[in-house]
There are 2 protein chains.
Amino acid sequence: MYYFFAEGVIIIEPKCISRVILKRLPIYLGYLKSLPNDAPPHISATTIANVLQMGEVQVRKDLAAVCDIGKPKIGYKVRDLIDELETFLGFKDMNDVIIVGAGKLGKALLSYEGFREYGLSIVAAFDVDDTVIGNMNSTKPIYHISKLSDLCQRMNIQIGIIAVPAESAQAICDYIIKCGIKAIMNFTPYLLKVPSDIIAHHVNIAASLALLSKQLSEQT
Amino acid sequence: MYYFFAEGVIIIEPKCISRVILKRLPIYLGYLKSLPNDAPPHISATTIANVLQMGEVQVRKDLAAVCDIGKPKIGYKVRDLIDELETFLGFKDMNDVIIVGAGKLGKALLSYEGFREYGLSIVAAFDVDDTVIGNMNSTKPIYHISKLSDLCQRMNIQIGIIAVPAESAQAICDYIIKCGIKAIMNFTPYLLKVPSDIIAHHVNIAASLALLSKQLSEQT
DNA sequence: TAGATTGTTAATCGATTAACAATC
DNA sequence: TAGATTGTTAATCGATTAACAATC
């Protein structure tokens, strides 16, 4: 964080962090949280780097971009560092998420408990198929898609997961944007077209696995 | 591809393509395959770039890294380009994959039909829980984990997906490496430690979704 | 004090973009 | 021929790594 004086007013430079760094932060956090309770209270960037097999300068630079609690010769207080990372990443305040598509993947995500740790609360899933509505197997409800608009507007939900068949992905995407969704994670191989004010992330598990397979075949 | 003469022998430079490019190739391929049958037989890098909202030079450079079929003023023959990309990415010959963990996610992946298109064949899932063994709901079998070693060795399967609870991830990882698995896709938030000759990819859905959420909250 | 560790400044590396000659 | 499009070479940009001064 940098402070600038401009015409007598203090302007705080918006902490603009690159996406590459942003993707590494949860990895540091995960490791720190996995440390046993009886571990020493401080840790050095060198130690973190060695365990995670990263460059130590990179770790130090990444952490410096987020917080300011490193002490020469001592390192970082683990508790504080966890706190800083969680605060920075927004894991401390909950964000509601809905899922569209209650097929096998949709249901798996709906009942996955691990989201909470990342500040995410899956509220409900939606589907067009009446036979999956209700949901006996989970504590989280599955509603008919016609209820989506009302729920999202009432609860001001802005994040949606698309887990429908690829053919209906674009239609569903357009629909949930109309319902107020602003950020979309798409598990379909179909590349969604969205307005510029909407954020869309594409997760193509099959493509990722195929690249892993290619990497293996090349590793002679 | 470049050819070099060295002491009278033709050496074909190994087509070493960066990971960033590699990740974009399936996107091009997906778009090309989505084109209707009555579309014109040729397409230009400019068109592809515009549709996918990428730089046109980038598209051209990426494609040039893979194939050599672009013709000035005409563009690329769609059929041939699809063929080149599929061949390059290895989607044409099948690779067998096993899944460890037949919980909700494991089962979702087991019955997902979309892998075939990427040259991947999910052979079976494995679990320790006797109640999920057998699998009534799918054409693909679920075996007890004790059968894993034998099957992988018999079929020479080298790719494994870990979809078990985070606590058992490392133990399962060590075990399947012993069984001959060489490339691992881990859906657990736990960061696996693997020997240097083993490839491990980590997919942390919750972390990705959390970053999407953060991006949204910053987009003022 | 000396050693370990931090954060920063400079150098390197790789990827993207811009400019342009080649060509159907 | 002129225009569209390719692939390549050069310039820019961003990220990683190396070097080093500051410090507990």
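Throughout, a chain's letter reflects where its sequence line sits, starting with A, and its residues are numbered from 1.
- The environment of NZ in A:Lys178 is sparse: at most 12 heavy-atom neighbours from other residues, nucleotides or ligands sit within 6.0 Å.
- Taking 4.5 Å as the limit, every side-chain heavy atom of A:Ile122 sits out of range of all side-chain heavy atoms of A:Ile98.
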Would you please test A:Asp62 and A:Gln58 for side-chain contact (heavy atoms from CB on, under 4.5 Å) and show each step? CA-CA 6 Å; A:Asp62 287 355; A:Gln58 187 170 73; 3.9 Å; yes
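- Using a 4.5 Å heavy-atom cutoff, the side chains of A:Ile17 and A:Val66 are in contact.
- Residues passing the side chain to side chain donor-acceptor pair (under 3.5 Å) test with B:Asn50: none are found, sequence neighbours excluded.
- In this structure, the NZ atom of A:Lys71 is 19 Å from the P atom of D:dA22, given to the nearest Å.
- Side chains of A:Asp174 and A:Gln170: a donor on one and an acceptor on the other come within 3.5 Å.
- Comparing the axis of the opening five pairs of the helix from C:dG3-D:dC24 to C:dC24-D:dG3 with that of the closing five pairs yields an angle of 0°, rounded to 10°.
- In B:Lys23, the NZ atom is not crowded: 12 or fewer heavy atoms of neighbouring residues, nucleotides or ligands sit closer than 6.0 Å.
- Atom CD1 in A:Ile69 sits roughly 14 Å away from atom C1' in C:dG7 (whole-Å rounding).
- Regarding A:His42, its NE2 atom lies at a distance of 14 Å from the C1' atom of C:dT6, rounded to whole Å.
- Both tests pass for B:Lys214 against the ring of A:Phe88: distance under 6.0 Å to the centre and angle within 45° of the axis.
- Sorted by residue number, the members of residues 73-83 of chain B with any non-hydrogen atom under 4.0 Å from DNA chain D read B:Lys73, B:Gly75, B:Tyr76.
- A salt bridge links A:Glu86 with A:Lys33: the distance from a Lys NZ or Arg NE/NH1/NH2 to an Asp or Glu carboxylate oxygen falls below 4.0 Å.
- Within 6.0 Å of CG in A:Asp197 there are more than 12 heavy atoms belonging to other residues, nucleotides or ligands.
- Between A:Arg60 and A:Thr46, some side-chain heavy-atom pair lies under the 4.5 Å cut-off.
- Of the residues in residues 19-32 of chain B, those lying under 4.0 Å from DNA chain C by heavy-atom distance are B:Val20, B:Arg24.
- For residues 45-63 of chain A, proximity to DNA chain D is found at A:Val57, A:Gln58, A:Lys61, defined as any non-hydrogen atom under 4.0 angstrom from a strand atom.
- In this structure A:Asn204 satisfies the side chain to side chain donor-acceptor pair (under 3.5 Å) test together with B:Tyr118, sequence neighbours excluded.
- When only modelled atom types and interatomic distance are considered, B:Ser111 and A:Lys104 share a side-chain donor-acceptor pair under 3.5 Å.
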